[in-house]
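Each ligand, and each atom within it, is numbered from 1 in the order the structure gives. The residues of the chain are indexed from 1 along the displayed sequence.
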Amino acid sequence: MPVAGLDLTAEIQSLKRGRNAVILAHNYQVKEIQELADFVGDSLGLAYKAAETKADVIAFCGVHFMAETAKIVNPTKTVVLPDLNAGCSLSDSCPAEKLEAHLKTHAEKNYYVVAYINCSAGVKALCDVICTSGNAAKIVERVPKDRNILFVPDENLGQWVIEKTGRHMDLWKGNCYVHVEFTRQAIERIKAEWPDAPVVAHPECTRAVRLLADEVCSTEKMITFCKQHPSQAFVIVTESGMLHRLRREVPGKHFIAGPTDKCACADCRYMKLNTLEKLHACLLNREPQVLIPEPVRARAEVPLRRMLEWSR
Ligand code: 13P
Ligand code: SF4
């Protein structure tokens, strides 16, 4: 609960120092959290930061699977998430029990399982290597050529990787509820209004939308693309927190969320559950913590470390 008269930002900074904590935030977090965080980035950057940190407490401002990733590589550290209900529809679309049953039913395929990082620790524990939107093609290219690949849980990202690598993969039928909402018609409307603005879309978007994009990339690569591209305006097709990061790091350029602000950028209701008040409370109480049963964590660490090594 917010405390009357408290300067939350100053309190959070002081708690952070006192607890030897680091605040890691995803690009989709609200402006106030991004501005306070020690590092703001995409899933890949956050995984590296979590693996490198010397802090005793990691306050992870993102969604549950991201905080779990930090815990997988830091079993002895305290990992707190401001709101434990910050889940992910994509992660939910692939429960570990279902994947386990699927692998048993298709045992003859002897699958090499590539899991997009947007999945639970239980799913990570069942797979061979993890990838993010920032390194998916690179990771898939390293999978032994004689193996059948099962890609979980995002069918849209998986399809995009197939197009980029030419590698056949069987796809799990999961998706992100935010990114599949963007339609080709909506993007066409924005393009008609802003014909010179390149369209930059996340690979979790459907193929119909990706086909209209000038660049399809992870949230972190959106920053580099917009910095380097000569255009002064861009249509951004992803979660709305990205607009804040872009406006902050690429000042002077214009980022278009659509004519109604709903057509090309939308809120992820899970990402938006984290607030400054909850961040303050979790640093104060060292709760709620993200905990993983040790056998699952240890098994999940193998494919995660493999990704960190292959992605260097
Ligand atoms: P990035 O790794 O590109 O930041 O994507 C994470 C995510 O949840 C996209 O919806
Ligand atoms: Fe999950 Fe989609 Fe939210 Fe990303 S935007 S955290 S994939 S529900």
Considering the heavy atoms of [X], write down every atom of ligand 1 situated less than 4.0 Å from one of them.
X	answer
H179	10 (O)
S133	1 (P), 2 (O), 3 (O)
H202	1 (P), 3 (O), 5 (O), 9 (C)
D42	1 (P), 2 (O), 4 (O)

- request: Describe, in one word, how the ring planes of H102 and H106 are oriented to each other, choosing from parallel (under 30°), tilted (30 to 60°) and perpendicular (over 60°).
  value: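 Rings of H102 and H106: tilted, 30 to 60°.
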query: Quick one: does R210's side chain have a donor or acceptor within less than 3.5 Å of a partner on N156's backbone?
result: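 Yes, because the side chain of R210 sits within donor-acceptor range (under 3.5 Å) of the backbone of N156.
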- request: For T53 and A50, indicate whether the former's side chain and the latter's backbone hold a donor-acceptor pair under 3.5 Å.
  value: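 Not a single qualifying donor-acceptor pair exists.
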field: Residue list, salt bridge (Lys or Arg N to Asp or Glu O under 4.0 Å) with K272, at least two apart or on another chain
entry: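 If we apply the salt bridge (Lys or Arg N to Asp or Glu O under 4.0 Å) test to K272, skipping adjacent residues, the hits are E239.
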- prompt: By salt bridge (Lys or Arg N to Asp or Glu O under 4.0 Å), which residues pair with E301, not counting sequence neighbours?
  reply: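 Only R297, R305 meet the salt bridge (Lys or Arg N to Asp or Glu O under 4.0 Å) criterion with E301.
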Side chain, backbone, both or neither: the part of [X] lying under 4.0 Å from ligand 1 by heavy atom:
X	value
T219	both
E239	neither
E220	neither

field: Protein heavy-atom partner closest to atom 2 (O) of ligand 1 - residue, atom, separation in Å
entry: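 For atom 2 (O) of ligand 1, the nearest protein heavy atom comes out as S43 OG, 2.8 Å.
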- request: Distance to 0.1 Å, residue and atom name: give those for the protein heavy atom nearest to atom 10 (O) of ligand 1.
  value: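 In this structure, atom 10 (O) of ligand 1 has E204 OE1, 2.8 Å as its nearest protein heavy atom.
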- prompt: If you leave out waters, which protein N, O or S atoms are less than 2.8 Å from atom 2 (Fe) of ligand 2?
  reply: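 Short answer, with waters excluded from the count: C176 SG.
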- request: Pick out which of V63, V30, N27, I33 makes a side chain to side chain contact (heavy atoms under 4.5 Å, CB included) with M271.
  value: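 That would be V63; it is the only one of V63, V30, N27, I33 passing the side chain to side chain contact (heavy atoms under 4.5 Å, CB included) with M271.
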- prompt: Should K49 and D38 count as an ion pair when the cut-off is N to O under 4.0 Å?
  reply: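 Here K49 does not pair with D38 in a salt bridge, since their nearest N and O are not under 4.0 Å apart.
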Side chain to side chain contact (heavy atoms under 4.5 Å, CB included) assessment of R167 paired with F151: CA-CA 11 Å; R167 186 86 196 255; F151 187 90; over 6 Å; no
query: Please walk me through it: do Y177 and R269 pass side chain to side chain contact (heavy atoms under 4.5 Å, CB included)?
result: CA-CA 10 Å; Y177 91 99; R269 64 172 174 268; 3.2 Å; yes
query: Taking N or O atoms only and a 3.5 Å limit, does T132 qualify as a polar contact for ligand 1?
result: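 No - when backbone and side-chain N and O of T132 are compared with those of ligand 1, no distance drops under 3.5 Å.
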task: Give yes if a backbone or side-chain nitrogen or oxygen of S218 is under 3.5 Å from a nitrogen or oxygen of ligand 1, and no if not.
output: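 No; every N/O pair is 3.5 Å or more apart.
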message: Among Q29, E220, Q34, which residue satisfies the side chain to side chain donor-acceptor pair (under 3.5 Å) criterion with R245?
response: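 Considering Q29, E220, Q34, a side chain to side chain donor-acceptor pair (under 3.5 Å) with R245 is found only for E220.
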task: Determine whether more than 12 heavy atoms belonging to other residues, nucleotides or ligands lie under 6.0 Å from atom CZ of R207.
output: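 No.
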Tell me which donor-acceptor pairs under 3.5 Å the side chains of residues 110-119 have, and how far apart each pair is, sequence neighbours excluded?
from, atom 1, to, atom 2, distance (Å)
Y111, OH, D170, OD2, 2.5
Y116, OH, E204, OE2, 2.6

field: N118 heavy atom under 4.0 Å from ligand 1
entry: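 A heavy atom of N118 does come that close to ligand 1.
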message: Under 4.0 Å, counting heavy atoms only: does H26 come that close to any atom of ligand 1?
response: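 The answer is yes: ligand 1 sits under 4.0 Å from a heavy atom of H26.
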